[in-house]
Amino acid sequence: MIRAWLELSPFGIFLTLGALYFGIALLLRAMTFRPPCGRFMQSLNGIVAPFFNASAILFALLVGFLANDIGDRGRQANRAIQTEAGELRNVHTLSVAAVADMAAIREALKTYVGSVVTDEWPAMAEGHGSPRTSAAYDDLLRKISDPSIARSSGNAVHAALLNAGVRAGNARTERLAIASDHTNDLKWIVVIVLGLITEISIALVHLERPRALTAALLVFATAAVVTLGLVALQEYPFFGAFRLSPGPLEALRALGGV
């Protein structure tokens with residue numbers, strides 16, 4: 001359920017949050033001052049104002065932790081993309097500078113970069129990689145591992161090529177792991193429920209004043225919708241309004257032979 005909500009368009013995410021929090025605010029307003037629940041709600045009168053701080057502080061802390069996790073994951077994803085692009089650029093540079101003819105490596109590199117951009121990037125929006133990209137990377141690594149490179153260009157060049165190719169593969173693995181990570185789903189449930197509990201707490205400390213209760217609920221609902229909506233838009237680094245671009249990898253296509 002949470003995953004389906006996070007995969008909505010930005011308008012859908014804000015609309016769902018607005019319907020939930022403003023709907024609960026109106027429901028609490030009606031239940032507090034109208035029958036059949038009004039008499040029971042009024043019997044709870046006497047709860048002191050600082051009472052709602054308990055749930056409000058928990059809500060604020062968890063939203064902060066969740067936003068920090070999402071921001072950190074976005075930074076990790078961007079770092080993985082930059083690392084992968086940098087190591088692939090190193091492979092290209094070494095293949096051009098070496099004495100031996102490494103056109104086959106550059107051709108395999110071209111195939112891999114093209115597959116990442118056209119096949120794997122759309123697949124990551126759905127949380128998985130592309131088998132075609134995996135096959136292209138295996139082919140690139142197989143060509144880099146050719147023992148004849150060491151004989152014609154030296155062990156140092158061959159070792160540098162292998163290290164760059166392996167590091168690019170490690171960066172790709174990290175990128176795919178981040179794309180398939182859905183560990184925040186439970187945190188989202190807790191945060192949303194705590195927000196609703198905070199609304200109830202606000203209502204319980206304003207039982208005597210209808211207008212003050214309505215204003216307090218509407219202000220909190222607005223803050224919750226704006227905050228949670230903006231955080232939710234950044235949940236998936238490779239999907240949504242703030243998704244990362246494959247630009248660093250696409251730039252490799254401008255290199256000679258790629």
Check: residues 58-72 side-chain donor-acceptor pairs under 3.5 Å, at least two apart:
residue: Asp69; atom: OD2; partner: Lys187; partner atom: NZ; Å: 2.5
residue: Asp72; atom: OD2; partner: Gln76; partner atom: NE2; Å: 3.0

Identify all side-chain donor-acceptor contacts of residues 13-22 below 3.5 Å with residues at least two apart in sequence or on another chain.
residue: Thr16; atom: OG1; partner: Gly12; partner atom: O; Å: 2.7
residue: Tyr21; atom: OH; partner: Ile192; partner atom: O; Å: 3.0

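No side-chain heavy atom of Met1 sits under 4.5 Å from any side-chain heavy atom of Asp185. Inter-residue side-chain proximity for Leu217 and Glu199 is flagged as met; some heavy-atom pair is nearer than 4.5 Å. Side-chain contact check for Val116 versus Val113: every heavy-atom pair is 4.5 Å or farther apart. Met102 places a side-chain heavy atom less than 4.5 Å from the side chain of Val157. By the 4.5 Å heavy-atom criterion applied to side chains, Ile149 and Ile105 are counted as neighbours.
Taking both residues in full, the closest heavy atoms of Val91 and Ala164 are given as CG2-CB, 3.7 Å, listed atom of the first, atom of the second, then distance. The minimum heavy-atom distance between Ser95 and Leu161, with the atom names listed, is N-CD2, 4.4 Å. The minimum heavy-atom distance between Phe238 and Ala179, with the atom names listed, is CD1-CB, 3.7 Å. Smallest separation of non-hydrogen atoms from Ala77 and Leu244: CB-CD1, 3.5 Å. Among all heavy-atom pairs drawn from Ala168 and Leu88, the shortest one is CB-CD2, 3.9 Å. Across Ile81 and Pro248, no two heavy atoms sit closer than the pair CG2-CG, 3.9 Å.
Phe242 and Leu8 fall within a single hydrophobic cluster, where Ile, Leu, Val, Met, Phe, Trp and Tyr side chains are chained together by heavy-atom contacts under 4.5 Å. When the side chains of ILVMFWY residues are joined at heavy-atom separations under 4.5 Å, either directly or via intervening members, Ile200 and Ile57 end up in a single hydrophobic cluster. Linking Ile, Leu, Val, Met, Phe, Trp and Tyr residues whenever their side-chain heavy atoms come within less than 4.5 Å places Val193 and Phe220 in a single cluster.
A distance of 9.5 Å separates CG in Leu233 from CG in Leu6, rounded to the nearest 0.5 Å. Put simply, OG on Ser245 and CH2 on Trp121 are 7.0 Å apart, with the number rounded to the nearest 0.5 Å. Taken from CD1 in Ile197 to CD1 in Ile202, the straight-line distance is 12.5 Å, to the nearest 0.5 Å. In this structure, CG in Leu196 is found 10.5 Å from OG in Ser55, a value given to the nearest 0.5 Å. The CD1 atom of Ile144 lies 11.5 Å from the CZ atom of Arg142; values are rounded to the nearest 0.5 Å. We find the CD1-OG1 distance between Ile178 and Thr173 to be 11.0 Å, quoted to the nearest 0.5 Å.
Counting only distance, with no hydrogens or angles, the side chain of Ser180 and the backbone of Ala177 share a donor-acceptor pair below 3.5 Å. Within the 3.5 Å criterion, the main-chain N or O of Arg89 finds a donor-acceptor partner in the side chain of Thr93. Judged by distance alone, with hydrogens and angles left aside, the side-chain atoms of Thr133 form no donor-acceptor pair with the main-chain N or O of Gly129 at under 3.5 Å.
Residues satisfying the salt bridge (charged side-chain N to carboxylate O under 4.0 Å, His left out) test with Glu174, not counting sequence neighbours, are none. Arg209 pairs by the salt bridge (charged side-chain N to carboxylate O under 4.0 Å, His left out) definition with nothing, not counting sequence neighbours. By the side-chain contact (heavy atoms from CB on, under 4.5 Å) test, Ala160 pairs with Leu94, sequence neighbours left out. Listed by chain and number, the residues in a side-chain contact (heavy atoms from CB on, under 4.5 Å) with Pro122 amount to none (sequence neighbours excluded). Under the salt bridge (charged side-chain N to carboxylate O under 4.0 Å, His left out) criterion, Arg167 pairs with Glu87, sequence neighbours left out. Take Phe239 and apply the side-chain contact (heavy atoms from CB on, under 4.5 Å) test, not counting sequence neighbours, and it matches Glu7, Ala125, Tyr236. Listed by chain and residue number, Asp181, Glu235 satisfy the salt bridge (charged side-chain N to carboxylate O under 4.0 Å, His left out) test with Arg73 (two or more places apart in sequence, or in another chain).
Residue pairs meeting the salt bridge (charged side-chain N to carboxylate O under 4.0 Å, His left out) criterion with at least one member in residues 151-163, sequence neighbours excluded, do not occur. Residue pairs meeting the salt bridge (charged side-chain N to carboxylate O under 4.0 Å, His left out) criterion with at least one member in residues 113-122, sequence neighbours excluded: Asp119-Arg132, Glu120-Arg172, Glu120-Arg175. Applying the side chain to side chain donor-acceptor pair (under 3.5 Å) test to residues at least two apart or on different chains, the pairs with a partner in residues 210-223 are Arg29-Thr214.
For Asp139 and Lys143, the salt-bridge test passes: some basic side-chain N is under 4.0 Å from an acidic carboxylate O.
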